[in-house]
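Written out below as structure tokens is the structure these notes cover.
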Protein chains: 2
Amino acid sequence: MSSIDKRIYQLQADVCKALANPLRIEIINTLKEGAKTVTELVDIIKVNQANLSQHLAILRSKKIVEARREGNSVYYSLANPKIIEACNLLRRILREQLEAERKLISIK
Amino acid sequence: MSSIDKRIYQLQADVCKALANPLRIEIINTLKEGAKTVTELVDIIKVNQANLSQHLAILRSKKIVEARREGNSVYYSLANPKIIEACNLLRRILREQLEAERKLISIK
DNA sequence: ACCATATATTCTAAAATGAGAATGTTACCC
DNA sequence: GGGTAACATTCTCATTTTAGAATATATGGT
């Protein structure tokens, strides 16, 4: 295996790791509607501010979201539409899978 | 937010968590060529057997791979082509991103 | 039944992650 | 410059994850 392959595997694992938390998934999903300040996110997601900032830092470090300061506030938005696409695709698949399982159960 | 949304977020986070390890990504990528026994995977990926089995168990528990016993050996294969598609999409995106960064650096 | 091979599980110690409290920093207003 | 709101960072502690060693569990061959 080439060393570039190894880097890709590591990179992909890192991105997945950043996505591997329900709160962070919720943040991403909320930001799909458009940029939001930290305070807005705290209100929407109902999470303690320090903790939210930590999760935002993780998403920022993987270039999944980006921050833009505007006066007193910091607006967060989705940085990479393509990665979000992959994320959406996965969610759609899992939603379908869940739905299919639900139907199976109701047949039994 | 509905409780079904919460379940989806948790499910998506769980699947991403299963993908959040370079070894497991490599396993998935190796299995794209077709089913392999544990011994074959040990040889290809160069990893200790106990550890590989642990990673396979994680992928199995999230229904990302499935196992089929054949005599003495256990063949592993990809269980859900759709999830693999999302995984491939993400890899493609990251590969392009890496390539783009590489080019940017060479311009500087 | 016994042995060897293939795979899985359990155990342990180290490292990483998560939440929340406390504290720092930045920018605005007076 | 002092105060306040918005956000980030640091610290602590509990939990989870990881690799590898040791051990257990098949299965097929003799």
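Note on naming: letters A, B, ... go to the chains in the order of the sequence lines (proteins, then strands), and numbering restarts at 1 for each one. Because the structure is a prediction, the values reported are computed rather than measured.
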d([atom1], [X]; [atom2], [N]) in whole Å:
{"X": "A/R68", "N": "C/dT26", "atom1": "CZ", "atom2": "C1'", "answer": "17 Å"}
{"X": "A/E66", "N": "D/dA8", "atom1": "CD", "atom2": "P", "answer": "14 Å"}
{"X": "A/L23", "N": "C/dA19", "atom1": "CG", "atom2": "P", "answer": "6 Å"}
{"X": "A/D14", "N": "C/dT17", "atom1": "CG", "atom2": "P", "answer": "9 Å"}
{"X": "A/L52", "N": "C/dG18", "atom1": "CG", "atom2": "P", "answer": "14 Å"}

Output all residues satisfying salt bridge (Lys or Arg N to Asp or Glu O under 4.0 Å) with A/E66, sequence neighbours left out; order by chain, then residue number.
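Counting only residues at least two positions away or on another chain, A/E66 forms no salt bridge (Lys or Arg N to Asp or Glu O under 4.0 Å).
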Residues two or more places apart in sequence or in another chain: which of them pass salt bridge (Lys or Arg N to Asp or Glu O under 4.0 Å) with A/E101?
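Scan of A/E101 (salt bridge (Lys or Arg N to Asp or Glu O under 4.0 Å), adjacent residues dropped) gives none.
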Enumerate the salt bridge (charged side-chain N to carboxylate O under 4.0 Å, His left out) contacts for residues 76-89 of chain A, please, sequence neighbours excluded, ordered by first and then second residue.
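Listed once each, the pairs are A/K82-B/E96.
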Close N or O pairs between protein and nucleotides 15-17 of chain D (under 3.5 Å):
| from | atom 1 | to | atom 2 | distance (Å) |
| --- | --- | --- | --- | --- |
| D/dT17 | OP1 | B/K17 | NZ | 3.0 |

Under the rule for side-chain contact (heavy atoms from CB on, under 4.5 Å), what residues qualify as partners of [X], not counting sequence neighbours?
{"X": "B/S61", "value": "none"}
{"X": "A/I58", "value": "A/A18, A/R24"}
{"X": "B/S3", "value": "none"}
{"X": "B/V74", "value": "B/A67, B/R69, B/Y76"}

Kindly write out the residues that satisfy side chain to side chain donor-acceptor pair (under 3.5 Å) with B/N29, not counting sequence neighbours, or none if the list is empty.
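With sequence neighbours excluded, B/N29 shows a side chain to side chain donor-acceptor pair (under 3.5 Å) to A/Y9, B/K32, B/R91, given in chain and number order.
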Between A/T30 and A/E26, is there a side-chain donor-acceptor contact under 3.5 Å, judged purely by atom types and distance?
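No pair is found: no donor N or O on one side chain lies under 3.5 Å from an acceptor on the other.
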Sequence neighbours left out, cut at 3.5 Å: what donor-acceptor pairs do the side chains of residues 35-43 of chain A make with other protein atoms?
| from | atom 1 | to | atom 2 | distance (Å) |
| --- | --- | --- | --- | --- |
| A/T37 | OG1 | A/E40 | N | 3.1 |
| A/E40 | OE1 | A/T37 | N | 2.8 |

Quick check: closest heavy atoms across B/N48 and B/N51, and the distance to 0.1 Å?
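Scanning both residues completely, I find the closest heavy atoms to be OD1-N, 2.9 Å.
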Which of residues 25-34 of chain B have a heavy atom under 4.0 Å from DNA chain D?
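Within this stretch, nothing sits under 4.0 Å of the strand.
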C/dA19 phosphate, OP1 or OP2: any side-chain N/O from A/H55 under 4.0 angstrom?
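For C/dA19, OP1/OP2 do have a side-chain N/O of A/H55 under 4.0 Å.
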Protein proximity profile, nucleotides 6-12 of chain C - base contact B, sugar-phosphate-only contact S, no contact -, cut-off 4.0 Å on heavy atoms:
SBBBBB-
